[in-house]
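What you see is a predicted model; the values in this text were computed from it and never measured. Reckoned from all heavy atoms, side chains included, excluding hydrogens, waters and symmetry mates.
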Amino acid sequence: MKNKLACLIADSVAACTQKGLLPDVNLPQIEIEVPANPDHGDYACNVAMILASQAKQNPRKIAQAIQENLNDTEGMIEKVQIAGPGFLNFMIKDDLWRKILRNILDQKEKYGCLGIGQGKKIQVEFVSANPTGPLHIGHARGAVVGDVLSNLLQTANYHVSKEYYINDAGNQMNNLGKSVLYRYRELLGETIEFPESCYKGDYIKEISADIIEKEGRRYLTENEEETVRYFNTVAGGVILEDIKKDLRDFGVTFDFYFSEKELYKENGVSDLLASLQKQGFIYSDGETLWFKTTAYGDDKDRVVIRKNGEPTYFAADIAYHQNKYARGFDILVDIWGADHHGYMPRLWAAVQALGHDKNDLKIILVQLVNLLRAGEPVAMSTRSGEFVTLREVLDEVGKDAARYNFLMRRSDSHLDFDLEVAKKQSNENPVFYVQYAHARICSILRMAQERGMALPAYENMNPSLLVEPEERTLIKMMARYPEMLEGAVKSLEVHRITFYLNELAGVFHSYYNKNKVVTDDAALTAARLVLVDAVRVVLGNALKILGVNAPEKM
RNA sequence: GCGCCCAUGGCUCAGCUGGAUAGAGCGCCAGACUACGAAUCUGGAUGUCGCAAGUUCGAAUCUUGCUGGGCGCACCA
């Protein structure tokens, strides 16, 4: 609808130019918005005001010229008004709005699918936590945002690949192996001073106990370095499997798990660094290798090979992103915790040195989560092993409520997650509000069916009976669903879907309380059944993108 | 000290990338089930959009400077 209107306006501006009503101007991007005030029409366009300065004419005069030259061949426009400083306010014909219902019923779960991705390959990398412990609530938010963004991009005709980068080659893993070894010794009777750098969670003990059960006490005497290496492989494997299971129960799956170790195979990292050095992006100061990230606006250059000869995390990350591009992705999306924001200029520098546009790598920052219980902060300390895990949240509040709660704010804003509120089945918890609307509609449809009034086909009802204000609002809102999705895709903002859902459910609930769907009036009932069924479809489609259930009963 | 993000009713947040009279939810007050599901609905009060300049037809939105908060500033990941 919006796009069609934009074309009409663009054509009209062209016609005006041709007729000499307007000078030869650069046509700006046509911005069409939905006015806050319904008196201002269904859509409003500000193009006349934008052209005013270029054309050196009164904006209202320009608006008038555009209005007079609109070539509305499809007859979609009911009325155009020029208002305020030069807005063009459009009223769309009711018939046209109502025809949206047919689209929804024809397309069903495809309603809202967009073509803007043009089949481009896009990779979304998220979670990517070290397999050194279970996922906690902070990871959960990133997991949902990444998962939902991927779903969203998929509906917009992007070819999406979801990836988890396993940081299994660094110091952390070494600490993990050590932690297991210390617990191993402790369980076998030795007195151990547990180092600060080690992981203290109970899951470490379980892994140690498991090794004892399977392989006995032989590692007490083996070479420590080799044992640590072995233990960190074992522990990393076990923990990663647990992580995968937790994610799966959270509704989050990945297409690919990429191990950092892969990058080092066949000298992958050092070859890449050598090649970048040859191109002048990397220089040596005699003991260390530096990447010249300042060439792309970073504050200072960054070390890629340490004095001790070990590559940094950044070095591997350069190789990783090069690997991603080599796999043919057109666009990369990285989802990070907001505490990593200082890392962005570095990686963008790397991407550009690798010959790509900065815009080919989108970085989404997800703010950390404040966990509360009934308003009181829950202490979280990773060191001590005291933190609320994703598993615990899932067990306590359930998948749907957990996911929905993480989607209620824009991802770069702080989020308070209150366990008590999230599991409350009350009006403080919007997930039920939306699900309830869906279940309610299902219930209506069931009941109508029982009373012998099955949902009619679009052709067998008269849409012009839908004249109540709430009915018109519902229809317009549903017509704008694809536009909302388009905005979400372009801005990579998944919270827009949540806000849309709350609003749509709200209008529906209000409508429901005011008007009966199933009445003695067969024709009206037929029309309203079609209407609420369309609402059901749109609610269901949007919830599906969120990975939240759309229940038929609650 | 430098950089990034944030500041919108009592609270938690939206505000469609510069538009028209700034919106929801929670909480508070008052109401609605002999009606398709009351996990719902209806009505009411609450704002110098942190402060000050600037840009223009027009600013919560863009620029600059302050104030206050969060986070970064590793040869950690």
Distance between C1' atoms of B:C16 and B:G69 (Å, rounded): 28 Å
Face-on cation placement of A:R440 at A:Y512 ring, 6.0 Å and 45° thresholds: yes
Sugar-phosphate only, base, or nothing, as touched by A:D339 at under 4.0 Å among non-hydrogen atoms: sugar-phosphate
Qualifying residue, where the test is side-chain contact (heavy atoms from CB on, under 4.5 Å) with A:Y199 and the options are A:I239, A:N175, A:V180: A:N175
Check: A:F417 ring centre within less than 6.0 Å of A:F406 ring centre: yes
Rounded distance in Å - CG (A:D416) to P (B:C13): 6 Å
P-based separation of B:G65 from B:A74 [nearest Å]: 24 Å
A:H495 side chain near B:A24 phosphate (N/O to OP1/OP2, under 4.0 Å): no
Length of the line joining A:N515:CG and B:U42:C1', which is rounded to integer Å: 13 Å
Where the chi angle of B:C33 falls, syn if within 90° of 0 and anti if not: syn
Sub-6.0 Å ring centroid separation between A:F90 and A:Y43: no
Among B:U17, B:A20, B:A77, the one nearest A:S491 by side-chain distance: B:U17
For B:U64, glycosidic torsion class - syn if within 90° of 0, otherwise anti: anti
A:H340 over B:A77, stacked by centroid distance under 5.5 Å, angle under 30°: yes
Sub-4.5 Å side-chain heavy-atom contact between A:L485 and A:Y500: no
Rounded C1' spacing from B:C41 to B:C4 in Å: 45 Å
Rounded distance in Å - CE (A:M49) to P (B:U56): 17 Å
Rounded distance in Å - CG (A:L415) to C1' (B:A14): 14 Å
Atom pair distance, as rounded to whole Å: CD in A:E470 and P in B:C41: 13 Å
A:F258 and A:Y320: CA distance, side-chain angles, deciding distance, ring-ring contact (aromatic ring centres under 6.0 Å, His included) verdict: CA-CA 9 Å; A:F258 191 99; A:Y320 180 40; 4.9 Å; yes
Check: A:N502 side chain, B:A14 base, donor-acceptor under 3.5 Å: no
Sugar-phosphate only, base, or nothing, as touched by A:T288 at under 4.0 Å among non-hydrogen atoms: base
Output field: ring centroids A:Y343/A:W336 closer than 6.0 Å: yes
A:R60 atom CZ: more than 12 heavy-atom contacts under 6.0 Å: yes
Most 5' of A:R346 and A:Q367 on RNA chain B, judged by nearest nucleotide: A:Q367
Contact under 4.0 Å: A:Y433 side-chain N or O vs B:C41 OP1/OP2: yes
Touch class at under 4.0 angstrom, heavy-atom based, for A:Y436 against every strand present: base
Short side-chain N/O contact to B:A77 OP1/OP2 from A:Y313, under 4.0 Å: no
Rounded distance (Å) that lies between atom P of B:C41 and atom NZ of A:K514: 13 Å
Donor/acceptor link under 3.5 angstrom from A:N46 side chain onto base of B:G19: yes
Proximity to the side chain of A:S443 - top-ranked nucleotide from B:A77, B:G37, B:U40: B:G37
Rounded distance in Å between the P positions of B:A45 and B:A60: 23 Å
Sugar-phosphate, base or nothing in reach of A:A488, heavy atoms under 4.0 Å: nothing
A:R410 vs B:G15: side-chain N/O to OP1/OP2 distance below 4.0 Å: yes
For A:I32, the option from A:D42, A:N3, A:I9 that meets side-chain contact (heavy atoms from CB on, under 4.5 Å): A:I9
Sugar-phosphate only, base, or nothing, as touched by A:F314 at under 4.0 Å among non-hydrogen atoms: nothing
Spacing of the C1' atoms in B:A20 and B:A59 (rounded, Å): 13 Å
Sugar-phosphate, base or nothing in reach of A:V34, heavy atoms under 4.0 Å: base
B:A53 and B:U61, which share atom name P, separated by this distance in whole Å: 14 Å
N/O (side chain, A:S413) to phosphate O (OP1/OP2, B:A14) under 4.0 Å: yes
Sugar-phosphate only, base, or nothing, as touched by A:D285 at under 4.0 Å among non-hydrogen atoms: nothing
P atoms of B:A77 and B:U12, separation to the nearest Å: 37 Å
Heavy-atom neighbours of A:K61 NZ exceed 12 at 6.0 Å: no
Under 4.0 angstrom between A:Y512 side-chain N/O and B:A38 OP1 or OP2: yes
Sugar-phosphate only, base, or nothing, as touched by A:P85 at under 4.0 Å among non-hydrogen atoms: base
Of A:A44 and A:K300, the one whose closest RNA chain B nucleotide lies more 5': A:A44
Nucleotide nearest A:S510 when distance is taken to its side chain, options B:G37, B:C41, B:U12: B:C41
Validation row: A:F281, A:Y296 side chains within 4.5 angstrom (heavy atoms): yes
ring centroid sep under 5.5 Å plus plane angle under 30, A:F87 with B:G19: no
Interatomic distance at P, B:G47 relative to B:U8, whole Å: 15 Å
Sugar-phosphate, base or nothing in reach of A:A83, heavy atoms under 4.0 Å: base
Polar pair under 3.5 Å, donor/acceptor by atom type, side chain A:H341, base B:C71: yes
Separation of atom CD in A:E450 from atom C1' in B:G37, rounded to whole Å: 13 Å
Pair A:K324 + A:D334, salt bridge at N-O below 4.0 Å: yes
Gap between atoms CZ and C1', on A:R409 and B:A24 respectively (whole Å): 12 Å
Dot-bracket encoding per residue of RNA chain B, Watson-Crick/G-U cut-off under 3.5 Å, | denoting interstrand: (((((.(..((((.....[...)))).(((((.......))))).....(((((..]....)))))).)))))....
Minimum-distance nucleotide to A:V517 side chain [options: B:A77, B:C41, B:C36]: B:C36
Sugar-phosphate, base or nothing in reach of A:N174, heavy atoms under 4.0 Å: nothing
A:E493 side chain, from C-beta outward: closest of B:G37, B:G15, B:A20: B:G15
